[in-house]
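Notes for the one structure printed next.
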2 protein chains.
Amino acid sequence: MSKELSERKKKILHALVDLYISTGQPVSSADIQSKYLPEVSSATIRAELSALEALGYIEQPHTSAGRVPLKDAYKFYVDSIDGSNASNMLTDQETEFIRGSFFSRLGQIEDLSKEAAKIISDVTNYTSFVVDKSGDGNVTIDEIKLIPLKRGKAVVLIVTDKGMIADKAIDVKEDVKPEYIETAGKVLNKVFAGKTIDEIKEFDQKEIEQEIQGFKDIFDEVLGMLRMYISEHSSDNVFVEGALKMLDYPEYQNIDDAKQFLSVISDKDAVSEIILGDDDSIEFTVRIGKEDSGVDKCAIITAAYKVGDEVQGKAGVIGPERMDYKKVISVLDYIKKMFSSVLGSKLLNPFDDEE
Amino acid sequence: MSKELSERKKKILHALVDLYISTGQPVSSADIQSKYLPEVSSATIRAELSALEALGYIEQPHTSAGRVPLKDAYKFYVDSIDGSNASNMLTDQETEFIRGSFFSRLGQIEDLSKEAAKIISDVTNYTSFVVDKSGDGNVTIDEIKLIPLKRGKAVVLIVTDKGMIADKAIDVKEDVKPEYIETAGKVLNKVFAGKTIDEIKEFDQKEIEQEIQGFKDIFDEVLGMLRMYISEHSSDNVFVEGALKMLDYPEYQNIDDAKQFLSVISDKDAVSEIILGDDDSIEFTVRIGKEDSGVDKCAIITAAYKVGDEVQGKAGVIGPERMDYKKVISVLDYIKKMFSSVLGSKLLNPFDDEE
DNA sequence: TTTAGCACTCTATTGCTTTGACTGCTAACA
DNA sequence: TGTTAGCAGTCAAAGCAATAGAGTGCTAAA
């Protein structure tokens with residue numbers, strides 16, 4: 001397998017995957033000959049196909065059928081796509097559509113990811129997902145405020161460096177003086193401000209109690225709330241769009257396969273595990289087949305979007321093994337660029353989310 | 001059809017639906033005879049079935065097949081279930097499970113609905129949904145606060161009578177004095193406090209501008225934010241659980257039907273339209289068939305849960321026409337009771353959502 | 001009114017045959 | 001030595017006929 005393929009074998013293998021991607025049917029020697037290699041006869045191609053089969057690139061579903069690409073064939077095919085000509089794959093309408101949708105709804109970062117997932121799925125017609133790591137544990141708490149309300153309630157405000165704010169009403173005994181609340185707020189701020197959420201997670205109950213003697217009741221509420229905030233936000237945000245589109249492809253006409261696929265894809269944890277598994281340093285990953293991707297009869301293409309060197313999240317597409325790799329990579333590439341640029345400017349001014 | 005059925009016809013019709021629900025196969029006269037009416041012969045039952053067919057209750061898929069219930073048969077069957085013996089349908093384990101799950105996670109109201117949907121789906125093994133109307137337009141704004149933060153930002157707090165709080169950071173020019181913000185907050189409060197969201201929706205831009213001359217910049221931000229809040233919260237919250245379970249039933253082995261079902265059920269607006277269509281005064285509704293339910297080959301059972309006379313939301317189950325009506329009704333009934341009681345106490349103390 | 005018995009109908013299953021899409025092989029050719 | 005044409009062989013899929021089985025409706029008798 002380490003042996004280099006002859007130029008003609010490459011041509012034939014590429015043609016075969018191309019044809020298989022567009023038709024989904026086993027590809028015959030005649031197909032390849034008529035559409036890709038009219039200069040040689042089908043018999044010659046047959047001989048080459050035989051060789052490629054021996055090399056493990058392709059196989060026959062049965063003796064009298066054409067050939068179907070195997071994992072290695074897809075890998076070969078994907079490797080042959082280089083980013084430069086991939087970006088030409090999108091039509092003007094498509095880039096226009098992507099740009100338009102992307103910038104039309106520049107809301108909070110969560111909306112952005114969701115929107116991106118939607119766009120990807122719309123343009124590619126495959127199931128897409130976006131995992132947003134920005135809610136990760138290393139968010140720093142900027143400021144905590146305790147605001148008294150009517151009726152013996154108060155609100156805790158948490159401002160983080162990522163521009164996120166959490167709030168929840170807590171009880172304060174009616175007879176507590178406003179000054180008490182104010183002081184409590186100041187103490188809270190002193191304890192938490194500047195810390196990351198990861199650090200707070202490890203806070204030892206005892207250690208804290210010393211620091212804020214006498215505010216125990218309020219403090220307990222706030223700590224509980226913080227824990228809740230942590231548990232909600234420390235798991236990555238996962239957006240899946242177009243899950244049903246998979247059912248349009250012949251690979252998933254079987255109801256059991258469809259069910260298995262849908263149940264994986266609708267489990268956010270499973271999705272995030274699948275996606276975040278791979279190496280962050282690689283910008284694009286393509287995984288084909290069950291062992292690689294975790295889902296049967298599927299291929300997954302992911303792109304990491306970064307700001308500077310830090311991976312902010314990943315976007316990807318999950319589709320049939322014979323999916324339109326060129327197009328998907330083009331779309332992801334385009335999205336990635338826009339994402340990085342928008343995120344980049346956003347992080348500098350985390351609260352500027354509307355113009 | 002207005003004519004009363006003979007006692008034996010009723011017995012036979014009931015038996016037929018029972019059998020069909022448990023097997024999903026056309027029911028033959030012999031089936032009914034052996035399991036429900038051994039005292040008469042199958043020939044007699046055949047004669048009765050003939051009559052019931054003429055009355056439009058049942059039909060034969062083809063001449064040499066058994067009978068299958070039609071809409072009217074299901075309706076008859078459902079009518080024969082009375083609440084009192086329905087509640088006996090649940091086993092001790094089941095009630096224990098429901099109660100346990102329900103009270104274990106008494107978080108915010110949203111969580112409660114979601115949890116309820118999950119429980120219903122788990123116990124019945126059908127797809128369930130809960131529509132929560134508590135986010136409706138007639139939420140009153142209790143208090144609005146404007147809190148200055150560092151770095152030229154401020155936060156708007158909206159406290160409603162339903163205990164909900166929305167927040168978002170807005171920009172304030174760095175050079176604005178804290179007193180200015182404070183005054184702005186007071187003005188905002190004066191304008192909005194006590195109003196319902198519905199009323200605010202109709203606010204005329206001009207009318208307001210008069211009132212708060214000079215705070216235009218801040219006010220615009222707040223108004224935009226309020227609009228966003230309204231658009232997010234005025235649509236009802238819909239939770240769907242166990243959508244994939246439908247694929248386990250033979251009715252939905254066909255991939256196209258499955259797709260159609262899933263696409264309806266994953267469109268929250270469509271779901272909420274289906275559910276909220278019917279009369280609020282009726283506690284239970286059962287709708288069978290496409291014309292009734294909006295989804296093909298399905299039956300929908302909904303229960304309205306109320307606090308006092310006000311409908312707070314609806315919970316329901318969507319399943320095959322031949323679903324286990326008794327069990328579903330029992331479960332919904334049980335949930336309804338717990339829901340009403342929990343909600344009742346919650347509304348009195350809207351902020352008490354943790355003990 | 002009920003029942004037993006029987007003829008009839010229609011689906012589902014099975015096995016068989018035909019068709020057609022490909023291939024692999026071989027022998028001739030450049 | 002590589003390429004090609006031609007042909008025999010293979011196999012899935014489609015079509016078809018025969019059979020089995022499930023269940024009914026009808027009729028005549030109890």
Side-chain angles (χ1 to χ4, degrees), chain A residues 3-13 15-20 22-70 73 250-251 253-254, chain B residues 5-13 15-20 22-70 73 250-251 253-254:
Chain A
K3 204 148 186 286
E4 258 298 306
L5 295 176
S6 74
E7 214 45 50
R8 193 168 65 188
K9 281 198 181 58
K10 283 186 186 169
K11 229 172 172 176
I12 289 176
L13 187 52
L16 186 138
V17 178
D18 242 15
L19 281 168
Y20 189 71
S22 58
T23 67
Q25 295 296 316
V27 179
S28 75
S29 54
D31 289 342
I32 297 178
Q33 196 247 343
S34 68
K35 288 175 203 150
Y36 286 77
L37 281 180
E39 65 271 22
V40 298
S41 81
S42 66
T44 311
I45 295 174
R46 273 204 291 285
E48 297 282 42
L49 289 176
S50 238
L52 286 169
E53 181 159 10
L55 290 170
Y57 284 104
I58 55 182
E59 80 174 357
Q60 283 182 292
H62 55 86
T63 357
S64 69
R67 258 71 170 205
V68 160
L70 290 177
E251 285 76 353
Q253 287 308 327
N254 173 348
Chain B
L5 295 175
S6 75
E7 213 45 51
R8 192 168 66 189
K9 281 198 181 59
K10 284 185 186 169
K11 228 171 171 175
I12 289 175
L13 187 51
L16 186 138
V17 178
D18 243 14
L19 282 167
Y20 189 72
S22 58
T23 66
Q25 296 296 316
V27 180
S28 75
S29 55
D31 289 342
I32 297 178
Q33 197 247 343
S34 68
K35 288 174 203 151
Y36 285 79
L37 281 180
E39 66 271 22
V40 296
S41 81
S42 65
T44 310
I45 294 173
R46 272 204 292 284
E48 297 282 42
L49 289 176
S50 240
L52 286 169
E53 180 158 11
L55 290 170
Y57 284 104
I58 56 182
E59 79 173 0
Q60 285 182 291
H62 55 86
T63 357
S64 69
R67 257 71 171 203
V68 161
L70 291 178
E251 285 76 352
Q253 288 307 330
N254 173 347

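What you see is a predicted model, and the numbers here were worked out from it, not measured in a lab. Labels below follow one simple rule: chain letters A, B, ... track the order of the sequence lines, proteins then strands, and each chain is numbered from 1.
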Practice prompt. Write down the distance between NZ (B:Lys9) and P (C:dT1), rounded to a whole number of angstrom.
Written response: 10 Å
Worksheet, complete the sentence: Scanning both residues in full, the closest heavy-atom pair of B:Gln33 with B:Ser41 reads CG-C, 3.9 Å
Response to the item:
dist B:Leu70:CG -> B:Leu52:CG (nearest 0.5 Å) comes out at 11.0 Å
Item to complete: Could you give me the CA-CA distance, side-chain angles and deciding distance for A:Leu49 and A:Ile32, then say whether side chain to side chain contact (heavy atoms under 4.5 Å, CB included) is met?
Response: CA-CA 10 Å; A:Leu49 289 176; A:Ile32 297 178; 4.1 Å; yes
Fill in: Nearest heavy atoms of A:Tyr20 and A:Val27, plus distance in Å
N-CG2, 3.8 Å
Discussion item. Counting only heavy atoms and a strict 4.0 angstrom limit, can you tell me which residues of residues 28-42 of chain A come near DNA chain C?
Written reply: A:Ser28, A:Ser29
Discussion item. If you assign each of B:Thr44 and A:Ala65 to its closest nucleotide in DNA chain C, which residue comes earlier from the 5' end?
Written reply: B:Thr44
Worksheet item: Less than 4.5 Å apart, any side-chain heavy atom of A:Leu5 and any of A:Tyr57?
Response: yes
Worksheet, complete the sentence: Closest non-hydrogen atoms of A:Pro26 and A:Asp31, given as atom of the first, atom of the second and distance, are O-OD2, 4.3 Å
Worksheet item: 5' to 3' on DNA chain D, which nucleotides open and close the contacts with chain B (atom under 4.0 Å from a heavy atom)?
Response: D:dA22 to D:dG25
Worksheet, complete the sentence: Residues pairing under salt bridge (Lys or Arg N to Asp or Glu O under 4.0 Å) where one sits in residues 50-60 of chain A, two or more places apart or in two chains, turn out to be A:Glu53-A:Arg67
Item to complete: Could you list the residues that satisfy side-chain contact (heavy atoms from CB on, under 4.5 Å) with B:Ser6, not counting sequence neighbours?
Response: B:Arg8, B:Lys9, B:Glu48
Discussion item. Looking at B:Ser64 and C:dC10, is any side-chain donor or acceptor paired with a base atom of the opposite kind under 3.5 Å?
Written reply: yes
Fill in: Residues in salt bridge (Lys or Arg N to Asp or Glu O under 4.0 Å) contact with B:Glu251, at least two apart in sequence or another chain
B:Arg322
Could you list, one pair per line, each protein nitrogen or oxygen that sits under 3.5 Å from a nitrogen or oxygen of nucleotides 24-30 of chain C, together with the distance?
from   : atom 1 : to      : atom 2 : distance (Å)
C:dG24 : OP1    : A:Arg67 : NH2    : 2.6
C:dG24 : N7     : A:Arg46 : NE     : 3.0
C:dG24 : O6     : A:Arg46 : NH2    : 3.2

